[in-house]
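Take a look at the structure below.
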Amino acid sequence: MTELSKHIIGDFMELVVFDLDGTLLTREQSLSPFTCETLSKLEAAGIAYTIATGRTRLAAEPCIQNHRFPHVQIFKNGIEEWNPHTQSYRHRCLLSRLEIEETLALFENEDVTPFIFCLEKDGSQSVYHPPLKNHLCNTIFGELGRYEDLSLNPLYKLHKDTLITNISAMGSPDAASRIVTSTHSSPHLIAYSGGGIYQKDAYWIDIHHRKACKGTAIEALKKELGLSKIICFGDGDNDLSMFEAADESYAMDNASKNVKEAATKVIGHHNDDGVAHFLIERFKL
């Protein structure tokens with residue numbers, strides 16, 4: 001078991017888990033100085049905490065660069081984990097080209113470009129994509145192109161045996177909703193969508209193996225660290241599996257209605273340091 005200082009309340013040893021977008025991050029996609037200061041106090045108090053986000057690690061890094069998250073971090077809605085101590089990844093519930101073929105047709109019909117994240121045989125990470133359809137896709141392509149350890153390739157080069165971690169895309173709210181609804185008919189896949197935080201008409205879409213989710217990942221991490229209680233924070237549908245796994249779940253004031261209804265309690269807005277203010281009160285920091 002990883003060396004871990006444990007915060008004990010009664011018979012519980014707690015793991016605190018934060019979503020990023022719409023939860024821990026501000027509208028500027030960053031951690032505020034107040035939130036960073038509060039997280040440092042949380043660590044000093046011996047409370048274990050981490051993040052669980054739909055972002056890839058590469059996409060999350062610029063957003064969380066002002067704070068060192070000390071424990072295993074969860075990305076891609078539970079598909080990917082990063083250990084900051086060993087500087088290594090581990091993945092679960094991977095897909096094949098055959099399992100995503102129908103979904104690729106959905107993107108084509110909606111005029112949205114999917115970005116297919118993969119693991120190559122040598123362990124490196126890569127992304128495959130069809131021709132870019134619109135300005136949102138161009139934005140994603142530009143962001144991915146900045147990462148030296150991530151190769152970008154045309155879709156026709158995607159081998160049938162390449163292991164796929166997830167599919168990500170950006171589209172209009174209506175297109176995203178239709179893709180998500182249609183994907184749910186697949187026996188292998190699950191899809192999430194959300195947005196409007198940074199751009200009103202830009203909704204993210206994330207598709208991955210049906211057996212993978214944030215809830216499964218944080219339950220496994222809780223067991224690995226020898227902890228007994230999960231406290232989580234979120235705002236979107238992809239956080240609901242965390243809420244189901246958690247002993248305490250907190251929805252942001254900006255969360256969707258169904259997420260608020262599933263939560264133990266609704267707290268402040270993500271752009272007003274809602275999580276940080278709650279942590280100070282909850283843990284007497």
Can you tell me if [X] uses its side chain to pair, donor with acceptor, with the backbone of [Y] under 3.5 Å?
| X | Y | value |
| --- | --- | --- |
| Thr139 | His135 | yes |
| Asp272 | Gly274 | no |
| Asn166 | His208 | no |
| His270 | Leu25 | yes |
| Ser168 | Asp206 | no |
| Thr113 | Pro131 | yes |
| Asp235 | Met252 | no |
| Ser182 | Arg178 | yes |
| Arg210 | His184 | yes |
| Lys76 | Arg55 | no |

Give me the atom names and distance for the closest heavy-atom approach of [X] to [Y].
| X | Y | answer |
| --- | --- | --- |
| Gly234 | Val259 | O-CG1, 4.3 Å |
| Tyr203 | Ser193 | CD2-OG, 3.8 Å |
| Met242 | Val17 | SD-CG1, 3.7 Å |
| Cys118 | Thr162 | CB-CG2, 3.6 Å |
| Leu285 | Ala45 | CD2-CB, 4.1 Å |
| Lys214 | Ala52 | NZ-O, 2.9 Å |

Enter the distance from [X]:[atom1] to [Y]:[atom2] here, rounded to the nearest 0.5 Å.
| X | Y | atom1 | atom2 | answer |
| --- | --- | --- | --- | --- |
| Glu101 | Leu104 | CD | CG | 5.5 Å |
| Ile167 | Leu189 | CD1 | CG | 6.5 Å |
| Leu227 | Met13 | CG | CE | 6.0 Å |
| Lys222 | Leu225 | NZ | CG | 11.0 Å |
| Glu81 | Phe75 | CD | CZ | 10.0 Å |
| Ile74 | Leu221 | CD1 | CG | 5.5 Å |

Stepwise, does the side-chain hydrogen bond (donor to acceptor under 3.5 Å, both in side chains) test hold for Glu120 with Ser126?
CA-CA 7 Å; Glu120 303 296 342; Ser126 58; 2.4 Å; yes

Using the salt bridge (Lys or Arg N to Asp or Glu O under 4.0 Å) rule, collect all pairs that involve residues 126-136, keeping only residues at least two apart or in two chains.
Glu108-Lys133, Asp111-Lys133

Determine, for [X] against [Y], whether the closest basic-nitrogen to carboxylate-oxygen distance falls under 4.0 angstrom.
| X | Y | answer |
| --- | --- | --- |
| Arg97 | Asp161 | no |
| Glu224 | Arg90 | yes |
| Arg68 | Glu43 | yes |
| Arg92 | Glu80 | no |

Taking [Y] as the starting point, is it possible to reach [X] by hopping between hydrophobic residues whose side chains are less than 4.5 Å apart?
| X | Y | value |
| --- | --- | --- |
| Leu106 | Leu132 | no |
| Leu136 | Trp204 | yes |
| Ile100 | Ile205 | yes |
| Leu119 | Val127 | no |

Are His67 and Phe69 close enough that their ring centers fall under 6.0 Å?
yes

Non-hydrogen side-chain atoms of [X] and [Y] separated by less than 4.5 Å:
| X | Y | result |
| --- | --- | --- |
| Glu244 | Glu219 | no |
| Tyr192 | Thr183 | no |
| Phe18 | Cys232 | no |
| Val180 | Ile207 | no |
| Phe115 | Thr56 | no |
| Trp82 | Val72 | no |
| Val16 | Ile47 | yes |

With Phe233, which of Asp239, Leu24, Ile51, Ile267 fulfils side-chain contact (heavy atoms from CB on, under 4.5 Å)?
Ile267

Whether His71 and Tyr49 hold their rings parallel, tilted or perpendicular, with breakpoints at 30° and 60°
perpendicular

Would you call the rings of Tyr250 and Phe278 parallel, tilted or perpendicular, where under 30° means parallel and over 60° means perpendicular?
tilted

My understanding is that only residues two or more places apart in sequence, or in another chain, count here; which of them pass ring pair (Phe, Tyr, Trp, His ring centres under 6.0 Å) with His188?
none

Per side chain to side chain donor-acceptor pair (under 3.5 Å), Ser32 is matched among Thr26, Thr38, Asn271, Asp273 by Asp273

Quick one, Leu158 with Ile116, criterion side chain to side chain contact (heavy atoms under 4.5 Å, CB included). Give me CA distance, side-chain angles, the key distance, then yes/no.
CA-CA 9 Å; Leu158 177 60; Ile116 305 160; 4.3 Å; yes

Are Ser172 and Asp174 linked by a side-chain donor-acceptor pair shorter than 3.5 Å?
no

